[in-house]
Protein chains: 2
Amino acid sequence: MSATPATGAAPAAPARRGRPGYDRAQILQIAVGLFNEQGYDATSVADLAARLGLTKSALYHHFDSKEQLLAEALDEALSALEGVLDDAATGGTPAERLDAVLRGAVEVLIDRLPSVTLLLRVRGNSDTERAALERRRLFDQRVTELVRAAQDAGLIRADIDGAVTTRLVFGMINSVVEWYRPSGPIDRERLAHDIVTITLDGMRTR
Amino acid sequence: MSATPATGAAPAAPARRGRPGYDRAQILQIAVGLFNEQGYDATSVADLAARLGLTKSALYHHFDSKEQLLAEALDEALSALEGVLDDAATGGTPAERLDAVLRGAVEVLIDRLPSVTLLLRVRGNSDTERAALERRRLFDQRVTELVRAAQDAGLIRADIDGAVTTRLVFGMINSVVEWYRPSGPIDRERLAHDIVTITLDGMRTR
DNA sequence: GTCTATAAATGGATAGAC
DNA sequence: GTCTATCCATTTATAGAC
């Protein structure tokens with residue numbers, strides 16, 4: 001868990017001597033945490049340097065810009081989400097594939113909670129943010145196609161538009177970043193189960 | 001719809017002569033729109049003045065601070081949401097009251113889309129924001145109590161924790177601010193119906 | 001790999017004329 | 001009610017020493 005996440009080619013970066021000695025991955029992790037606490041725009045490079053116990057200059061030795069930190073975090077989140085769809089594409093019936101996508105999305109969201117949280121708050125204020133929004137849009141499109149296929153197969157109710165259904169269900173899934181904490185009482189699989197249960201069968205008793 | 005929203009005592013503010021001639025309500029409306037486009041922190045007072053076609057100084061004649069604009073918008077959204085709960089408290093069975101709260105929340109969210117959108121993005125970076133978050137928390141608590149009462153009455157499934165159910169369902173409802181546009185093809189009542197349908201009965205066919 | 005110092009621009013906000 | 005001009009703190013980012 002606490003091992004170095006292997007940014008480049010080095011198999012295992014040995015702990016640095018002297019001062020802090022952060023590598024890119026560690027800095028990115030702490031940066032994303034702070035962006036999520038305060039908001040990306042409200043977080044200054046000085047804020048981040050203070051949290052790291054570094055000066056701004058030392059930070060700029062590791063990264064070219066604040067925006068580069070954002071770009072790397074957004075890429076991590078988007079790649080993971082796209083991976084869910086790539087994996088699910090090989091499944092069986094539309095219903096099975098949809099189930100796999102919903103469960104997979106919840107699990108990615110939890111496993112990569114910080115970067116996905118950041119992604120979901122992007123508004124499009126820079127080229128970096130706009131590119132991320134476009135990748136998100138393509139993801140949504142692919143999920144909507146899956147929902148429509150499940151509707152055509154008669155497995156999902158067709159009295160609500162597929163795009164609306166997709167938005168609502170992913171709205172519920174994505175909202176998890178607002179409150180879920182891995183250290184809390186509810187585990188990953190349980191939450192995925194609860195969400196799939198409510199979205200498929202609803203909260204009303206029968 | 002286009003009438004003056006009655007900020008103070010004056011029944012109908014006559015159109016100003018000369019330049020733009022904004023009143024507080026008009027400025028607030030445009031400010032909230034810009035905050036939602038770019039994010040509150042990413043929006044400078046200069047940005048807002050530019051959109052209004054005014055200078056910063058002219059803006060400060062109407063408002064004491066950027067934060068005051070935020071505070072007034074957040075209060076509008078919170079008051080409207082609290083009103084939904086106050087109204088629903090007088091209903092009949094827990095199920096009827098919960099239905100009324102869900103529908104009412106969707107309708108408030110749509111009727112006050114700009115201010116509610118702003119509210120849902122607040123992170124707690126100032127006293128103003130923290131006070132708004134606290135009012136939101138109290139709202140959530142009151143809804144959770146309603147869900148638990150419906151569970152105790154056997155009307156809502158009890159195999160998922162009431163607080164989790166509340167968060168998930170309001171996560172879906174709140175996500176509407178991310179994509180809904182009143183000018184679009186789907187009207188308020190239709191969306192409220194779709195959301196209540198999915199959250200109560202799910203998207204699976206039976 | 002970290003530091004001090006500083007640049008150049010922008011942030012929120014105010015003074016005072018018209 | 002809006003303007004020009006300005007203040008001062010903070011912003012992102014860089015230069016160059018250790």
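In what follows, chains carry the letters A, B, and so on, assigned in the order in which the sequence lines appear, proteins first and then strands, with residues in each chain numbered from 1.
- Counting only residues at least two apart or in different chains, ring pair (Phe, Tyr, Trp, His ring centres under 6.0 Å) contacts with residues 49-91 of chain B are absent.
- Paired runs in DNA chain C that reach 3 or more consecutive Watson-Crick or G-U pairs, where each pair keeps both distances under 3.5 Å, cover C:1-18 with D:1-18.
- Distance, A:Leu52 CG to C:dC3 P: 11 Å, rounded to whole Å.
- For B:Gln26, there are no side chain to side chain donor-acceptor pair (under 3.5 Å) partners two or more places apart in sequence or in a different chain.
- The interatomic distance linking A:His62 (NE2) with C:dT2 (C1') rounds to 8 Å, in whole Å.
- Screening residues 68-92 of chain B for ring pair (Phe, Tyr, Trp, His ring centres under 6.0 Å), with sequence neighbours left out, gives no hits.
- Within the 4.0 Å cut-off from OP1 or OP2 of C:dT2, not a single side-chain nitrogen or oxygen of A:His61 is found.
- Atoms CG (B:Leu69) and P (C:dG11) sit 16 Å apart, rounded to a whole Å.
- Here D:dG1 presents its C1' atom at 10 Å from CD1 of B:Ile27, a figure rounded to the nearest Å.
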Derivation of the side chain to side chain contact (heavy atoms under 4.5 Å, CB included) call for B:Met203 and A:Ile160: CA-CA 9 Å; B:Met203 59 176 176; A:Ile160 301 178; over 6 Å; no
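- For C:dT2, neither phosphate oxygen OP1 nor OP2 lies less than 4.0 angstrom from any side-chain nitrogen or oxygen of A:Thr55.
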Per-nucleotide protein contact string for nucleotides 11-18 of chain D, where B marks a base within reach and S marks sugar-phosphate only (heavy atoms under 4.0 Å, - for neither): SBBBB---
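- A:Phe139 meets the ring-ring contact (aromatic ring centres under 6.0 Å, His included) test with A:Phe170; sequence neighbours excluded.
- Contacts classified as ring pair (Phe, Tyr, Trp, His ring centres under 6.0 Å) and involving residues 29-57 of chain B (residues at least two apart or in different chains) are given here: B:Phe35-B:Tyr40.
- Between the CZ atom of B:Phe63 and the P atom of D:dT2 there is a distance of 13 Å, rounded to whole Å.
- As a whole-Å value, the separation of B:Leu70 CG from C:dA13 C1' is 17 Å.
- Taking the side chain as every heavy atom from C-beta outward, B:Asp86 and B:Arg142 approach each other to under 4.5 Å.
- Sequence neighbours left out, the pairs with a member in residues 113-128 of chain A that pass salt bridge (charged side-chain N to carboxylate O under 4.0 Å, His left out) are A:Arg121-A:Glu178, A:Arg123-B:Glu178, A:Asp127-A:Arg130.
- In this structure, the salt bridge (charged side-chain N to carboxylate O under 4.0 Å, His left out) partners of B:Asp75, at least two apart in sequence or on a different chain, are B:Arg135.
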